[in-house]
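Everything on this sheet refers to the single structure shown next.
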Amino acid sequence: MVNELTILIKNATVLDLNRFAAVESDILIEGDRISKIGVDFEVKEKENLKVIDGRNKVALPGLINGHTHVAMTLFRGASDDLPLMDWLNNVIWPSESRLTGEDVYWGSLLGIVEMIKSGTTTFCDMYFFMDEVAHAVEQSGIRAVLSRGMVALDPANGEKGLKESVDFIKNWQGKANGRITTALAPHAPYTCPPEFLRDVIVEAKRLNVPINIHISETLDEISIIKERYGTTPVRHLESLGLFEVKTIGAHLVHVDDEEIQILKRYQVGAIHNPQSNMKLASGIAPVVKMLEAGVLVGLGTDGAASNNDLDMIEELRAASYLQKVSNMNPEALNAKTSIAMATSLGARALGLTEIGLLQEGYKADIILLNTNETNFYPRHNIFNLIAYSAKGADVDTVIVDGEIIMEKRQLTRLDEEKIKFEANKRGLKLVAG
Ligand SMILES: [Zn+2]
């Protein structure tokens with residue numbers, strides 16, 4: 001159901017990411033869309049008009065977390081500072097084997113609350129018990145691209161995963177006024193053999209959904225693919241025809257120049273996860289090179305167990321700093337580009353055409369940052385302030401699909417205290433065994 005409230009944000013600093021300008025404007029939201037941006041336009045007095053004072057606030061498109069496993073908030077901080085395989089074998093996989101649908105539901109809500117409170121309005125998720133994640137998304141008011149992760153080293157497992165994925169897509173695609181869309185998610189080229197990936201491609205074409213997959217995350221993966229197929233992950237997936245389907249590729253840390261051209265040619269969405277890549281010592285993605293080549297590069301946090309938070313403002317800053325130090329160039333990945341990766345470019349990376357910009361006719365996914373904190377003074381340059389001094393906690397108001405889901409840092413739909421209580425209880429129990 002489309003929400004009937006009309007919202008008028010008055011006198012805000014509005015970020016125009018087409019022109020990379022900041023303009024003092026009003027924004028009118030009718031139903032689920034932005035109907036007008038400008039000054040001095042007339043709004044008829046009506047009963048259901050909600051006016052928000054935009055002074056000392058900057059309006060920007062809601063942030064887009066392009067890669068996560070949201071229910072993994074349950075394992076946040078359970079065990080850190082370990083090599084990837086130790087961490088997976090001894091902590092994460094045993095805990096995940098005990099997961100129930102209800103655990104995933106509460107863990108998802110915890111992650112969603114954290115994302116809303118730090119300005120994320122859309123996330124792209126891959127996990128299990130996706131019906132529960134979808135219920136959490138539906139209730140919370142956030143927007144999401146959801147996919148059931150499929151591992152097919154054992155063919156029976158792959159078959160089960162694909163069947164469940166197809167059912168999930170049939171049940172949820174376009175639900176909640178289109179806030180929920182879906183994808184097929186073969187976990188990675190080293191956990192899904194070619195014959196399985198071919199089946200996935202056929203299904204993705206038939207159902208007209210994107211493919212969400214991890215690609216070239218670690219050097220171990222590069223060796224495995226080399227040994228099995230005599231090539232690299234990107235070339236391997238290209239040869240299978242996977243990129244003929246809209247692909248959302250997470251990580252793409254270890255890619256060469258020719259692979260970057262392949263990603264560009266097929267308009268693959270490359271989701272960069274700088275903090276997860278740093279924490280797990282996976283490596284540094286050639287983000288500057290990819291952007292220069294015209295690849296659609298978005299940003300993600302990855303799961304909360306390998307980050308350890310879901311704050312996209314922190315992530316875009318980390319992305320920028322990591323490129324500066326790895327290129328030994330302070331001009332690399334500037335403030336405006338890192339903001340675009342978390343918004344307009346991130347939307348294109350996910351194949352979402354109606355979000356990521358504050359523009360008339362676009363979906364009303366808008367966040368207001370309170371710029372009256374000390375970290376926003378003096379007001380030299382709002383792009384620099386957002387990229388390099390803003391914090392998730394500066395997010396004051398969050399609007400998704402034309403509905404206010406947080407106002408003055410209070411959630412309008414969810415019971416934050418109950419969610420923290422349930423997620424804490426369940427997370428501790430899952431890890432204790
Ligand atoms: Zn991941």
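Note that the structure is a prediction, hence the values are computed from the model and not measured. Quick note: numbers below take in every heavy atom, side chains included, and nothing from hydrogens, waters or symmetry partners. Numbering of ligands and ligand atoms starts at 1, following listing order.
- The shortest side-chain heavy-atom distance between Arg33 and Glu354 falls under the 4.5 Å cut-off.
- Arg265 pairs by the salt bridge (Lys or Arg N to Asp or Glu O under 4.0 Å) definition with Glu238, not counting sequence neighbours.
- Applying the salt bridge (Lys or Arg N to Asp or Glu O under 4.0 Å) test to Glu407 and every residue at least two apart in sequence or in another chain returns Lys50.
- With salt bridges taken as basic N to acidic carboxylate O contacts below 4.0 Å, one links Arg206 and Glu203.
- For Glu422 and Lys425, the salt-bridge test passes: some basic side-chain N is under 4.0 Å from an acidic carboxylate O.
- The distance cut-off of 2.8 Å around the Zn ion (ligand 1) captures these protein N, O or S atoms, sorted by chain and number: His67 NE2, His69 NE2, His214 NE2, Asp302 OD1.
- Remark: Asp16 engages Arg19 in a salt bridge (Lys or Arg N to Asp or Glu O under 4.0 Å) (not counting sequence neighbours).
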